[in-house]
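Read through the structure below, which is laid out as structure tokens, and then see the notes.
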Amino acid sequence: MSTKIAKEKVCLIGSGNWGSAIAKIVGKNVVKFDNYDSEVRMWVYEEIVNGQRLTDIINTTHENVKYLPNVPLPENVVAVPDLLPSVQDATLLIFVIPHQFVKGVCEQLKGKIHPQARAISLIKGVDVSKGGLNLISDLIKDNLEIDVSVLMGANIASEVALEQFCESTIGCTNRANGEAFHKALNTHYFRVSIVDDVAGVELCGALKNIVAIGAGLVDGLKMGENTKAAIIRIGLMEMKKFSQTFYKGVKDETYFESCGVADVITTCFGGRNRRVAEARVTTGKSFDILEKEMLNGQKLQGTLTALEVHQILKEKDMVKDFPFFTAVYRVCYENLAPHFLVDEI
């Protein structure tokens with residue numbers, strides 16, 4: 001029989017701009033509750049910035065100068081350069097790293113986490129390494145043998161860091177675990193709802209980045225707002241169709257949460273995937289080059305998700321059933337000229 005946890009201890013696995021924005025929220029929230037440890041550890045992949053270790057900079061200036069500059073972090077957020085010490089005694093793990101690194105991180109964590117640990121994934125992407133479609137939350141759950149919730153929403157990190165009002169959605173299977181993360185994450189400016197649809201919430205977060213690539217291409221082509229609105233609607237419909245094709249039980253109403261239509265809208269008007277896709281048209285440079293030039297070490301998720309989704313559709317002989325996803329994939333990987341995007345759908 002499991003014993004009651006005396007105090008929840010939160011650890012963030014990841015420290016990019018989104019991870020740092022979330023660390024600011026969690027650091028301020030945990031001190032409000034007697035049953036939460038006041039220290040929040042944040043695993044930081046060590047880098048040298050201006051001749052200093054990034055963890056030293058964060059712990060002395062309380063600012064992530066590389067990924068979230070000019071935003072003060074609470075002093076109880078402690079940057080840790082080594083993964084295993086960062087998760088020691090942590091009961092609530094917040095995963096916020098690029099999805100291609102999840103498997104390696106989980107392999108390091110196997111057998112090394114608190115026996116009553118639960119996790120929440122803020123990671124937008126899918127895993128196709130084993131063939132077929134696998135959710136990132138399932139990858140974490142299967143590797144670490146713990147319950148995993150997800151958080152997705154219309155949340156551009158820089159705006160959240162500035163405390164501009166927005167909403168987000170927790171998808172969970174265990175309501176008590178969802179509520180434990182809700183206490184750590186919900187604020188007056190970052191309003192979090194809870195739904196019992198992990199797959200629906202998570203797939204919205206992954207697939208919307210493909211839609212954002214399409215929206216950015218349309219922006220670069222100067223096609224106008226009517227065309228962009230059509231791209232968003234078509235993309236949202238393919239998101240819903242894909243999710244409900246591969247995961248039974250995904251709910252229609254999930255698409256009206258922040259993780260659904262709201263996230264698609266904000267990602268198609270702001271965010272890195274839209275910006276880089278627009279630059280792909282205006283500069284003619286490849287996505288790989290633009291990622292290096294524009295994203296300051298951050299990763300472009302939309303192109304990789306388009307590739308992974310295409311692999312699944314090809315395997316299932318369903319490529320023709322998803323013309324928008326296929327057209328975005330072809331622009332990214334088969335040198336289809338961007339102006340053919342609309343023709344293809």
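Only a predicted model underlies this, so the values are computations on that prediction, with no experimental measurement involved.
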About how many Å separate NZ of Lys240 and CG of Leu203, when rounded to the nearest 0.5 Å?
13.5 Å
Any residue meeting side chain to side chain donor-acceptor pair (under 3.5 Å) with Arg233, in chain and number order, not counting sequence neighbours
none
Asn59: which residues meet the side chain to side chain donor-acceptor pair (under 3.5 Å) condition with it, sequence neighbours left out?
none
Does the side chain of Leu54 come within less than 4.5 Å of Asn64's, by heavy atoms?
yes
Which atom names give the shortest non-hydrogen contact between Phe181 and Ile94, and what distance separates them?
CE2-CG1, 4.2 Å
Might you point out which heavy atoms bring Cys172 and Ser149 nearest each other, and give the distance in Å?
CB-OG, 3.4 Å
Please determine whether the number of non-hydrogen atoms from other residues, nucleotides or ligands lying under 6.0 Å from atom CG of Asp343 exceeds 12.
yes
Which other residues end up in the same hydrophobic cluster as Val71, if Ile, Leu, Val, Met, Phe, Trp and Tyr are linked when side-chain heavy atoms come under 4.5 Å apart?
Leu68
Separation between OG of Ser168 and CG of Asp263, rounded to the nearest 0.5 Å
8.0 Å
Looking only at heavy atoms, which two atoms of Leu341 and Gly214 are closest? And how far apart?
CD2-O, 3.8 Å
Quick one, Val30 with Glu8, criterion side-chain contact (heavy atoms from CB on, under 4.5 Å). Give me CA distance, side-chain angles, the key distance, then yes/no.
CA-CA 9 Å; Val30 294; Glu8 301 283 12; over 6 Å; no
Verify whether one side chain among Tyr247 and Glu202 offers a donor that lies under 3.5 Å from an acceptor in the other.
no
Taking atom CZ of Phe340 as the centre, report whether more than 12 heavy atoms of other residues, nucleotides or ligands fall under 6.0 Å from it.
no
Output, in order, the C-alpha distance, side-chain angles, deciding distance and verdict of side-chain contact (heavy atoms from CB on, under 4.5 Å) for Glu63 and Val65.
CA-CA 6 Å; Glu63 178 187 343; Val65 294; 3.8 Å; yes
Establish whether Leu109 and Phe101 are linked, either directly or via other cluster members, by ILVMFWY side-chain heavy-atom contacts under 4.5 Å.
yes
With a 3.5 Å cut-off and no angle check, do the side chains of Glu257 and Ser193 form a donor-acceptor pair?
yes
Identify all side-chain donor-acceptor contacts of residues 321-329 below 3.5 Å with residues at least two apart in sequence or on another chain.
unit_1: Thr326; atom_1: OG1; unit_2: Val319; atom_2: O; d: 3.1
unit_1: Thr326; atom_1: OG1; unit_2: Phe322; atom_2: O; d: 2.8

So, the side chain of Ser258 versus the backbone of Ala154: is there a donor-acceptor pair under 3.5 Å, distance only?
yes
Residue pair Thr91 / Gln116, side-chain donor-acceptor N/O under 3.5 Å
no
To which residues is Val195 joined in a hydrophobic cluster, defined by side-chain heavy-atom contacts under 4.5 Å among Ile, Leu, Val, Met, Phe, Trp and Tyr, whether direct or through other members?
Val150, Met152, Val198, Val201
Non-hydrogen side-chain atoms of Asn17 and Arg272 separated by less than 4.5 Å
yes
For Glu75, does the CD atom have more than 12 heavy-atom neighbours from other residues, nucleotides or ligands under 6.0 Å away?
no
Under 3.5 Å, side chain of Asn76 to main-chain N/O of Ser38, donor-acceptor pair present?
yes
Closest non-hydrogen contact found for Ala157 with Ala21 is O-CB, 3.9 Å
Partner set under side chain to side chain donor-acceptor pair (under 3.5 Å) for Asp37, not counting sequence neighbours:
none
Pairs of donor and acceptor atoms involving the side chains of residues 308-316, under 3.5 Å and at least two apart or interchain, shall be tabulated with distances.
unit_1: Glu308; atom_1: OE1; unit_2: His99; atom_2: NE2; d: 3.0
unit_1: Glu308; atom_1: OE2; unit_2: His99; atom_2: NE2; d: 3.3

Give the intermediate values and the outcome of side chain to side chain donor-acceptor pair (under 3.5 Å) for residues Asp197 and Thr254.
CA-CA 7 Å; Asp197 184 5; Thr254 298; 2.6 Å; yes
My understanding is that only one of Ile210, Val211, Ile213 makes a side chain to side chain contact (heavy atoms under 4.5 Å, CB included) with Asn273; could you say which?
Ile213
Residue set satisfying salt bridge (Lys or Arg N to Asp or Glu O under 4.0 Å) with Arg274, at least two apart, ordered chain then number -> Asp219, Glu278
State plainly whether one hydrophobic cluster holds both Val31 and Leu92, where clusters connect Ile, Leu, Val, Met, Phe, Trp and Tyr through side-chain heavy atoms under 4.5 angstrom apart.
yes
Heavy-atom pair with the smallest gap, counting every atom of Cys332 and Phe287
SG-CE1, 3.7 Å
Are more than 12 heavy atoms, taken from residues, nucleotides or ligands other than Tyr333, located less than 6.0 Å from that residue's OH atom?
yes
Please check if the side chain of Trp43 supplies one atom and the backbone of Pro81 the other of a donor-acceptor pair under 3.5 Å.
yes
Side-chain heavy atoms of Gln88 within contact of Leu84, under 4.5 Å
no
Going by salt bridge (Lys or Arg N to Asp or Glu O under 4.0 Å), name the residues that satisfy it together with Glu291, two or more places apart in sequence or in a different chain.
none
Under the side-chain contact (heavy atoms from CB on, under 4.5 Å) test, which residues partner Cys106, sequence neighbours left out?
Phe95, Val102, Ile140, Asn143, Leu144
According to the salt bridge (Lys or Arg N to Asp or Glu O under 4.0 Å) rule, which pairs have a member within residues 140-154, sequence neighbours left out?
Asp138-Lys141
What pairs with Phe33 under ring pair (Phe, Tyr, Trp, His ring centres under 6.0 Å), at least two apart in sequence or on another chain?
Tyr36
Are more than 12 heavy atoms, taken from residues, nucleotides or ligands other than Lys183, located less than 6.0 Å from that residue's NZ atom?
yes
Could you tell me which non-hydrogen atom of Ala279 sits nearest to which non-hydrogen atom of Leu290, and how far apart they are?
C-CD1, 3.7 Å
